[in-house]
Amino acid sequence: MANGYISLIVLGLIVFLVIVGVAYGVDYMLNSAEVASDTITAYYVPNATINLGTPGQEPFWQSIPWTAVPLVPTVPVPDGISGHTQTVYVRAAWTYVDGVPYVIIDMKAPVVGQESWLACPERTPQGQIWAPFPIPEPKGWWVVNVSYKASDQGVASVYTLPTSEQIGYPPNQALTNPITIYVYNVSGKLYGQIVGAVNPQGVPLNNGQPINITSIDLIVNGSINVTSLEQFLKLGLNGTTWFQDAYNLFYPEDTAGYVSLFYNSTYMYPERFAIMWLLGGVPSDWTQIAYTPHMMPGTSGALSAGQAEIWFFNDNPRGNNTQDPGYPGPTFFSRTSPPPYIHWPSYKDPLNLGYLPNQGLIADIYVNGSSIYYIGGNYLSTFPPIDNPHINPWEVWNGLVNKSLLWDPSVVATGFQFYNTPTGPWMIIEFARTFSTVGVSNGQGESHYQVQLQPGHTYWVAFAVFQGGAGESVDFKSISFWWRIYIQPADPQQSVLPLFIITNSILSPIVAVAIINRNTMMSELNRISMSLPKFIRSMLLLILLVSLPIFNGIYAVIDSIRRLSI
């Protein structure tokens, strides 16, 4: 009788292992196939050399395949301007330079429309400037009101606008227009003028000519009240820049109804590429249900869930084009002068990205549920800035700040090129960055808004392409669903666990076939058990009884590890 029990228990244990092996093996392989279908591997390439003057042509790319990433329009309406690019091709690699890891990502796409690198300001089909007040500034004493009469734009008063009355978007930001105030002494009499003021639609006041000041009431540094031109001059404020508040603003939400922009054969926008790195803060299944990164229409780029970093490239003014008059974009970087930013010793970047020959830059952007924010550089962007909180924009604009204290916008270098193929012109871009940006701003916090990479880890990303020569810009582009980028470990050795699982999934069906012939199996088990001494049979029975919950626990642990790995 005992032999029969042992036989049944052994049979049950085998059946249990078969079921676990088959179920887990199938589950593992299905999950692996699903992950592989939307994963781009960043392959480890020893001693790779980055040449951004010839993007995508470095020798190490020859062994790395392109992945075709489908794109969809961001504004999917009939005859809309979005969705010109149906597929973007992506590949990735990484290497060590003096012990510091760098990630390298290539994107390429066909040119739709005309090759365009001379950027024009975006306009609605009715001619309205898309962003008439393009400089968002933190609310503060530097925001002023220029009060004028429509019947006479040649004269105006200027005064500091209370923070409570500063109108802006997103919260705590004032959308503004920079103006400069000058004071002149003519035969002993002081005259003040405002240069650069505009009306609520962004059209220059007084046909762009200086406006004479009738009265002045400004707060300086939050405490000094300036009420006369003489006081303004004595304080050394002549020729300083202030920020005209955007009263009666054409708000971002006013643009939500537009499905196109104005453009023609000579009035076009730049080509743009973007990589969005998800930083978290989303529901656990948000990225796994074929969901595109969704920015809320009618906002300045607010993300519908979570937070992300965007590497945003446009070929004017940030491309490495020697004909580009706008290079290198709204930063303090200069092609000819020494870089003003300090790469702090705590930030390891032996290539000195941002200052390589023949390179372009990106707009490094952070986005959350409130807005898009520009990381680093000065306040010369249509995005609100995130920067050192101890520095205010008035000081930056007026040259009163040590520029090295600003966050460094040049941590991602790019190379961009057009090239011809038998099927027409294409464009390719290459991005390069260190895995980690911790320390780039001496601990001031820039890295908190940037993705930090590690070998062996997987990151959620999305890709976008703007066909400037076909009218795409601002909200209008082609964007991918969420994809994964997996950073291949430098050590090629793989874990034993997946091999065990796959082997078990193959062998288990073979064992299952043997179990189908139960009579033969039971006879063989009885024969084996009868040949064993009674003591060993008893110990085997005890071991098998204890093993059942242990095997169940092992399966649970393995399953947890597997789920964490994807």
Side-chain angles (χ1 to χ4, degrees), residues 28 31-52 55-56 58-67 69 90-107 275-280 287-288 308-311 343 346-353 356 362 364 411-414 430-440 446-463 482-502 558 560-566:
Y28 182 85
N31 275 279
S32 298
E34 185 271 331
V35 169
S37 67
D38 63 357
T39 297
I40 297 166
T41 298
Y43 294 95
Y44 173 63
V45 183
N47 305 315
T49 300
I50 301 172
N51 184 356
L52 298 177
E58 298 95 330
F60 64 86
W61 286 122
Q62 296 178 5
S63 60
I64 296 177
W66 290 100
T67 297
V69 177
V90 183
R91 60 186 177 184
W94 74 277
T95 192
Y96 282 109
V97 178
D98 294 340
V100 175
Y102 288 81
V103 66
I104 316 157
I105 298 176
D106 271 8
M107 296 174 64
I275 303 176
M276 175 182 285
W277 298 85
L278 187 63
L279 300 178
T287 51
Q288 302 180 43
E309 182 194 8
I310 304 176
W311 296 355
H343 280 179
S346 53
Y347 174 54
K348 305 301 181 183
D349 178 18
L351 288 180
N352 202 22
L353 293 179
L356 293 176
I362 66 158
D364 200 358
V411 295
V412 181
T414 62
E430 185 168 306
F431 299 84
R433 203 205 77 176
T434 55
F435 272 26
S436 172
T437 61
V438 174
V440 67
E446 176 179 346
S447 59
H448 299 166
Y449 304 97
Q450 297 165 325
V451 66
Q452 308 301 319
L453 306 176
Q454 295 183 48
H457 287 241
T458 301
Y459 303 86
W460 287 105
V461 295
F463 306 95
W482 286 109
W483 280 63
R484 298 174 175 92
I485 284 186
Y486 171 66
I487 311 295
Q488 183 190 60
D491 184 356
Q493 293 184 356
Q494 300 295 323
S495 170
V496 175
L497 181 60
L499 180 62
F500 165 77
I501 295 169
I502 294 172
I558 292 174
S560 298
I561 294 173
R562 191 269 307 174
R563 293 186 184 278
L564 286 173
S565 68
I566 63 172

**Study point:** Whether Trp277 and Trp311 hold their rings parallel, tilted or perpendicular, with breakpoints at 30° and 60°
**Key:** tilted
Would you name the heavy atoms of [X] and [Y] that are closest together and state the gap between them?
X      : Y      : answer
Trp483 : Thr39  : CE3-N, 3.9 Å
Ala48  : Thr95  : N-OG1, 3.1 Å
Pro455 : Pro489 : CB-CA, 4.2 Å
Arg484 : Asp38  : NH1-OD1, 2.6 Å
Val440 : Glu446 : CG1-OE1, 3.5 Å
Tyr44  : Gln488 : N-OE1, 2.9 Å

Exercise for review: For Glu309 and Asp364, run side chain to side chain contact (heavy atoms under 4.5 Å, CB included): C-alpha distance rounded to whole Å, both residues' side-chain angles, the deciding distance at 0.1 Å, then the answer.
Suggested key: CA-CA 7 Å; Glu309 182 194 8; Asp364 200 358; 2.6 Å; yes
Distance from [X] atom [atom1] to [Y] atom [atom2], nearest 0.5 Å?
X      : Y      : atom1 : atom2 : answer
Thr67  : Asp106 : OG1   : CG    : 11.5 Å
Ile104 : Thr49  : CD1   : OG1   : 9.0 Å
Ile487 : His457 : CD1   : NE2   : 10.0 Å
Phe431 : Ile275 : CZ    : CD1   : 4.0 Å

Are the side chains of [X] and [Y] in touch, meaning some heavy atoms are under 4.5 Å apart?
X      : Y      : value
Phe435 : Val103 : yes
Pro65  : Tyr43  : yes
Val69  : Ile40  : yes
Glu430 : Leu52  : yes
Trp482 : Val461 : no
Leu353 : Val411 : no
Val97  : Ile50  : no

State which residues pass side chain to side chain contact (heavy atoms under 4.5 Å, CB included) with [X]; sequence neighbours excluded, sorted by chain then number.
X      : result
Asn51  : Thr54, Glu58
Ala93  : Val45, Phe60, Trp61, Ile64
Val100 : Tyr102, Lys348, Pro350, Thr434
Gln452 : Arg433, Ser436, Thr437, Val438, Ser447, Gln450

